[in-house]
> 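Please see the structure below; I have some questions.
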There are 2 protein chains.
Amino acid sequence: MEDNKKNNFKSIIDKLRSSGLRPTRQRLLICKVLFGENKDFHFTAEDLDKIIKNNNEAKISLATIYNTLHSLKKCGYLNEVSISGNKTYFDTNTTSHHHFFDEANNSLTDISENEVEIKKIPIAPKGKKIKTAQVLIRLENDNHNQN
Amino acid sequence: MEDNKKNNFKSIIDKLRSSGLRPTRQRLLICKVLFGENKDFHFTAEDLDKIIKNNNEAKISLATIYNTLHSLKKCGYLNEVSISGNKTYFDTNTTSHHHFFDEANNSLTDISENEVEIKKIPIAPKGKKIKTAQVLIRLENDNHNQN
DNA sequence: CTGATTGCAAATGCTTTGCATACAA
DNA sequence: TTGTATGCAAAGCATTTGCAATCAG
């Protein structure tokens with residue numbers, strides 16, 4: 001487990017290097033938070049800022065957080081998800097997948113690709129091709145049947 | 001056709017009234033723009049502001065445009081679509097439907113409900129129920145086969 | 001009249017930018 | 001040393017809010 005983390009850490013340095021990103025203290029810390037645990041999650045720049053502040057490992061300026069998130073996105077280590085209005089959400093899960101969006105608390109959850117099956121899909125307009133087809137399932141509270 | 005517009009216009013007044021919205025000059029003008037032509041479209045508050053400015057019918061303050069859009073949304077005459085990042089898009093098509101999003105030019109197009117069929121869908125988490133399931137198909141340019 | 005609506009300008013919230021300082025190679 | 005990256009504070013947008021003036025019923 002410790003070994004795993006070390007390996008992850010080392011591989012992160014390599015990944016950054018191979019993408020032309022210098023493995024700076026700030027980038028490593030951010031990557032540790034984002035990719036250290038191996039569960040996928042969604043977050044905003046400010047979420048990440050808070051997590052880092054709470055871990056109270058040396059602080060990172062918000063500007064650097066934004067820079068780094070965009071760099072990681074450009075290199076394909078993060079996806080950007082546009083769902084709830086005005087904030088930019090990032091997703092550590094870069095594979096093709098679907099989402100639940102819970103309107104009661106503005107939270108986003110992954111749905112793995114194989115839990116959804118699309119049977120019929122329109123053809124792309126001329127000169128275009130389909131890049132991805134993602135399903136967004138909006139949830140609301142079920143007051144009649146709380147299970 | 002003129003009759004149709006007049007009817008639309010009249011029905012808009014009625015609609016507004018029946019939703020408890022006073023048919024003010026500003027609201028009528030906005031509704032005329034949004035629902036006068038009977039094709040569905042997508043727009044931002046600023047788009048609407050420009051359209052109204054260009055038509056150079058009496059100007060409407062941006063704050064009022066925002067207010068009105070939110071009122072119309074609340075009454076179910078508009079849908080809000082969150083797709084391309086930081087701006088809020090509205091959609092005059094309030095029926096359940098899907099979208100193409102063309103990444104080459106950031107444009108959104110409707111896909112009618114019956115062009116898509118979802119075969120398998122996950123069950124909602126406890127205490128929640130599914131409100132809608134919408135498919136977003138991202139498009140990119142097809143450079144190999146322009147048709 | 002009386003409460004709803006408008007319009008302005010100021011305020012807010014998220015994100016980006018400019019630029020001097022610090023750092024990695 | 002040399003170009004990259006960081007951090008701060010300021011600027012930039014889209015959107016919202018407060019409040020006085022205006023309008024609809």
Side-chain angles (χ1 to χ4, degrees), chain A residues 9-10 12-33 42-53 57-75 77-78 80-90 106 108, chain B residues 9-10 12-33 42-53 57-75 77-78 80-90 106 108:
Chain A
F9 206 72
K10 192 166 187 330
I12 283 167
I13 294 185
D14 292 342
K15 268 188 188 170
L16 288 176
R17 279 231 172 76
S18 71
S19 305
L21 296 177
R22 291 181 179 173
T24 62
R25 176 181 74 74
Q26 291 83 343
R27 287 176 178 160
L28 287 174
L29 206 168
I30 288 172
C31 290
K32 204 174 87 187
V33 171
H42 305 92
F43 60 96
T44 65
E46 212 168 338
D47 292 339
L48 181 54
D49 191 49
K50 275 180 197 149
I51 293 172
I52 288 173
K53 274 200 178 64
E57 329 206 28
K59 286 170 193 177
I60 300 180
S61 114
L62 240 195
T64 299
I65 288 183
Y66 276 103
N67 281 341
T68 302
L69 291 178
H70 287 135
S71 301
L72 292 175
K73 181 192 163 194
K74 201 168 294 169
C75 297
Y77 303 130
L78 287 177
E80 197 178 324
V81 189
S82 300
I83 278 159
S84 67
N86 18 12
K87 284 187 186 181
T88 301
Y89 282 80
F90 291 90
N106 266 41
L108 197 64
Chain B
F9 205 73
K10 191 165 186 333
I12 283 167
I13 293 184
D14 292 340
K15 267 187 189 170
L16 288 175
R17 279 229 173 79
S18 72
S19 305
L21 297 176
R22 291 181 181 177
T24 63
R25 178 182 73 74
Q26 291 84 344
R27 286 176 178 160
L28 287 173
L29 207 168
I30 289 172
C31 289
K32 204 174 86 188
V33 171
H42 305 92
F43 60 95
T44 65
E46 213 168 337
D47 291 339
L48 180 55
D49 190 50
K50 274 180 198 149
I51 292 172
I52 288 173
K53 273 199 178 66
E57 331 207 27
K59 287 168 192 176
I60 300 180
S61 113
L62 241 195
T64 299
I65 288 183
Y66 277 103
N67 280 341
T68 302
L69 291 178
H70 288 134
S71 302
L72 293 175
K73 182 192 163 193
K74 201 169 295 170
C75 297
Y77 302 131
L78 286 178
E80 196 177 325
V81 188
S82 300
I83 279 159
S84 66
N86 17 14
K87 284 187 184 180
T88 300
Y89 283 80
F90 290 90
N106 266 41
L108 198 62

> With distance as the sole criterion, is a donor-acceptor pair present between the side chains of B/Asn67 and B/Thr64 under 3.5 Å?
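Their side chains do not contain a donor-acceptor pair, so the 3.5 Å distance test is not met.
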> Would you say D/dA14 has OP1 or OP2 under 4.0 Å from some side-chain N or O of B/Thr88?
no
> Can you tell me how far C1' of D/dA14 sits from CD of B/Glu46, to the nearest Å?
8 Å
> Within the sub-3.5 Å range, which N or O atoms of nucleotides 6-10 of chain C have a protein N or O partner, and how far apart are they?
| from | atom 1 | to | atom 2 | distance (Å) |
| --- | --- | --- | --- | --- |
| C/dT6 | OP1 | B/Thr24 | OG1 | 2.6 |
| C/dT6 | O3' | B/Gln26 | NE2 | 2.7 |
| C/dG7 | OP1 | B/Gln26 | NE2 | 3.1 |
| C/dG7 | OP2 | B/Ser61 | N | 3.2 |
| C/dG7 | OP2 | B/Thr64 | OG1 | 2.8 |

> Rounding to an integer number of Å, can you tell me how far B/Glu80 CD sits from D/dA14 C1'?
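Checked: the CD to C1' distance equals 13 Å.
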> Are A/His70 and C/dT16 close enough that a side-chain N or O sits under 4.0 Å from OP1 or OP2?
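Yes, such a contact exists.
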> Starting at atom CG of B/Leu16, determine the distance to atom C1' of D/dG25, rounded to an integer number of angstrom.
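So the two atoms are 15 Å apart, to the nearest Å.
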> For the side chain of A/Pro23, counting heavy atoms from C-beta on, which of D/dA14, C/dA25, C/dT15 is nearest?
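So the nucleotide nearest the side chain must be C/dA25.
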> What is the separation between atom CZ on B/Phe43 and atom P on D/dT15, rounded to the nearest whole Å?
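Nearest whole value for this atom pair: 12 Å.
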> With respect to the phosphate group of D/dT16, does any side-chain polar atom (N or O) of B/Tyr66 fall under 4.0 Å of OP1 or OP2?
no
> Does B/Lys32 form a side chain to side chain contact (heavy atoms under 4.5 Å, CB included) with B/Ile12? I'd like the steps, not just the answer.
CA-CA 8 Å; B/Lys32 204 174 86 188; B/Ile12 283 167; 5.8 Å; no
> Using whole Å, what does the distance between atom P of nucleotide C/dT5 and atom NZ of B/Lys74 come to?
11 Å
